[in-house]
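A quick write-up on the structure given underneath.
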Amino acid sequence: MITSLLPKIYKYLEVEYPREACGLITLNNTEAEWVPIKNIAENSNNFKMDPKEYVQALLENKIIGVLHSHINTSAEPSDFDRKQCNGLNLDYYIISIPSKELYHLKPEIK
């Protein structure tokens, strides 16, 4: 679903490197869009989305996925990533930078 968005996403993640970057995949009518969100985490190896930007994106379009980068490691999701994915009930996309490995994590159905 995000294949067409990858060039924009890679560019943003590379600009933010070596800090983890994050954003949302939203649906505007039937078109998927990439919405970068400022990472306000104190540690550059974590991400915490700016709540104001998140709410703004939520008000404008339907959020269908969360995307963040892993720096200099694999895109394999952490236990925290899995918990967040399931808790939010949203697809999670993790991209390793600089390798551009992509991992698509879907929420577990309970």
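- When all heavy atoms of Y93 and G65 are compared, the closest pair comes out as CE1-CA, 4.4 Å.
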Please tabulate, for the side chains in residues 5-13, all donor-acceptor contacts under 3.5 angstrom to protein atoms that are two or more places apart in sequence or on a different chain.
none

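- Clustering of Ile, Leu, Val, Met, Phe, Trp and Tyr by side-chain heavy atoms under 4.5 Å joins I40 with none of the others.
- Under the side chain to side chain donor-acceptor pair (under 3.5 Å) criterion, the residue pairs touching residues 67-79 are Y17-N72, H68-H70, H68-D81, H70-D81, E76-R82, S78-D81, with sequence neighbours excluded.
- Annotation: the span from E53 atom CD to I37 atom CD1 amounts to 5.0 Å, rounded to 0.5 Å.
- Legend: residues meeting side chain to side chain donor-acceptor pair (under 3.5 Å) with E20, ordered by chain and number and at least two apart, are absent.
- Judged as a salt bridge (charged side-chain N to carboxylate O under 4.0 Å, His left out), not a single pair has a partner in residues 85-97 (not counting sequence neighbours).
- The structure places CD1 of I94 at 8.5 Å from SG of C85, a figure rounded to the nearest 0.5 Å.
- Screening residues 40-51 for side chain to side chain donor-acceptor pair (under 3.5 Å), with sequence neighbours left out, gives no hits.
- Counting only distance, with no hydrogens or angles, the side chain of R19 and the backbone of A41 share a donor-acceptor pair below 3.5 Å.
- Under the salt bridge (charged side-chain N to carboxylate O under 4.0 Å, His left out) criterion, the residue pairs touching residues 94-104 are E14-K100, with sequence neighbours excluded.
- Tracing side-chain contacts under 4.5 Å through hydrophobic residues (I, L, V, M, F, W, Y), one never reaches L67 starting from Y54; they form parts of separate clusters.
- With contacts defined as side-chain heavy-atom distances shorter than 4.5 Å, the pair M49/L24 qualifies.
- For N61, the side chain to side chain contact (heavy atoms under 4.5 Å, CB included) test picks out T26, N28, E33, with sequence neighbours left out.
- For N39, the side chain to side chain donor-acceptor pair (under 3.5 Å) test picks out no residue, with sequence neighbours left out.
- Within the structure, salt bridge (charged side-chain N to carboxylate O under 4.0 Å, His left out) contacts touching residues 57-69 (residues at least two apart or in different chains) do not occur.
- Transitive grouping of hydrophobic side chains (ILVMFWY, heavy atoms separated by less than 4.5 Å) brings I97 and W34 into a common cluster.
- Each of I71 and Y103 belongs to its own hydrophobic cluster when Ile, Leu, Val, Met, Phe, Trp and Tyr are linked at side-chain heavy-atom distances under 4.5 angstrom.
- With rounding to the nearest 0.5 Å, the separation of CG in L58 from CD1 in I63 is 4.5 Å.
- Taking the side chain to side chain contact (heavy atoms under 4.5 Å, CB included) definition, one finds that L88 meets it with V66, L90, Y92, sequence neighbours left out.
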